[in-house]
**Student:** 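Please read through the structure below; I'll follow up with questions.
Only this structure's heavy atoms are used, side chains among them; waters, hydrogens and symmetry mates stay out.
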Amino acid sequence: MHHRTDDGRKFRTLNILDEHSQECIAIRMKRQLNSTEVIDALTDLFIPRGVPSYIRLDNGSEFIAEAVRD
């Protein structure tokens, strides 16, 4: 998701949701998010929660990266 601050500068949020429980398990906010930061956020969650059997991604530019698909 993209947002703007009061002074007009853009920032993005990465919202990671558990669709089964409807729980938001992580939110990352930065001016720019790239595929490495998405992978880092996901792997940080894999350690305490385990690797999920399925991950659904939206079509944001950081998700197009081959590294995330792998």
Side-chain angles (χ1 to χ4, degrees):
M1 297 179 73
H2 343 111
H3 306 282
R4 289 191 182 270
T5 58
D6 289 339
D7 62 0
R9 294 175 32 194
K10 293 181 184 179
F11 70 96
R12 296 184 57 117
T13 62
L14 170 65
N15 305 304
I16 302 175
L17 308 171
D18 179 337
E19 289 188 335
H20 177 73
S21 69
Q22 300 297 307
E23 175 187 12
C24 179
I25 54 178
I27 298 175
R28 298 268 174 110
M29 291 181 280
K30 292 192 91 175
R31 296 281 175 206
Q32 294 181 338
L33 287 165
N34 60 32
S35 61
T36 303
E37 292 163 334
V38 172
I39 291 169
D40 289 345
L42 291 172
T43 54
D44 288 348
L45 293 170
F46 293 167
I47 295 166
R49 293 177 166 264
V51 177
S53 57
Y54 180 79
I55 297 175
R56 182 166 60 116
L57 304 172
D58 79 0
N59 59 353
S61 59
E62 65 274 6
F63 298 113
I64 296 170
E66 188 173 323
V68 175
R69 286 184 295 205
D70 291 343

**Student:** Could you state the interatomic distance from CG (Leu42) to CZ (Arg49), rounded to the nearest 0.5 Å?
**Tutor:**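 If we round to the nearest 0.5 Å, Leu42:CG and Arg49:CZ are 12.0 Å apart.
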**Student:** Honestly curious: do Leu14 and Ile25 fall in one hydrophobic cluster under the side-chain, below-4.5 Å linking rule?
**Tutor:**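 Yes; tracing contacts between hydrophobic side chains, which count when under 4.5 Å, links both residues.
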**Student:** Verify, without hydrogens or angle tests, whether Arg9 (side chain) and Arg4 (backbone) share a donor-acceptor contact under 3.5 angstrom.
**Tutor:**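 Between the backbone of Arg4 and the side chain of Arg9 there is no qualifying donor-acceptor contact (under 3.5 Å).
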**Student:** If you round to the nearest 0.5 Å, how far is NE2 of His3 from CZ of Arg12?
**Tutor:**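 Between Arg12 CZ and His3 NE2, I get 9.5 Å after rounding to 0.5 Å.
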**Student:** Using a cut-off of 6.0 Å, state whether more than 12 heavy atoms not belonging to Gln32 lie near its atom CD.
**Tutor:**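 At most 12 heavy atoms, drawn from other residues, nucleotides or ligands, come within 6.0 Å of this atom.
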**Student:** Of the non-hydrogen atoms in Pro48 and Leu45, which two are nearest, and what is the gap between them?
**Tutor:**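 So the minimum-distance heavy-atom pair works out to CD-O, 3.3 Å.
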**Student:** Looking at Asn15, Asp40, Asp44, which one forms a side-chain hydrogen bond (donor to acceptor under 3.5 Å, both in side chains) with Arg28?
**Tutor:**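 Only one option passes, and that is Asp44.
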**Student:** With the 4.5 Å side-chain cut-off for hydrophobic clustering, are Ile27 and Ile47 part of the same group?
**Tutor:**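 No.
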**Student:** Do Val51 and Val38 share a hydrophobic cluster, counting only Ile, Leu, Val, Met, Phe, Trp and Tyr and linking them when any side-chain heavy atoms are less than 4.5 Å apart?
**Tutor:**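 Yes; tracing contacts between hydrophobic side chains, which count when under 4.5 Å, links both residues.
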**Student:** Does Lys30 come within less than 4.0 Å of Glu37, counting only side-chain N to carboxylate O?
**Tutor:**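 Answer for the salt bridge query: yes.
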**Student:** Would the number of heavy atoms belonging to other residues, nucleotides or ligands and lying under 6.0 Å from CG of Asp7 be above 12?
**Tutor:**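 Yes, because the 6.0 Å sphere around CG of Asp7 holds more than 12 heavy atoms from other groups.
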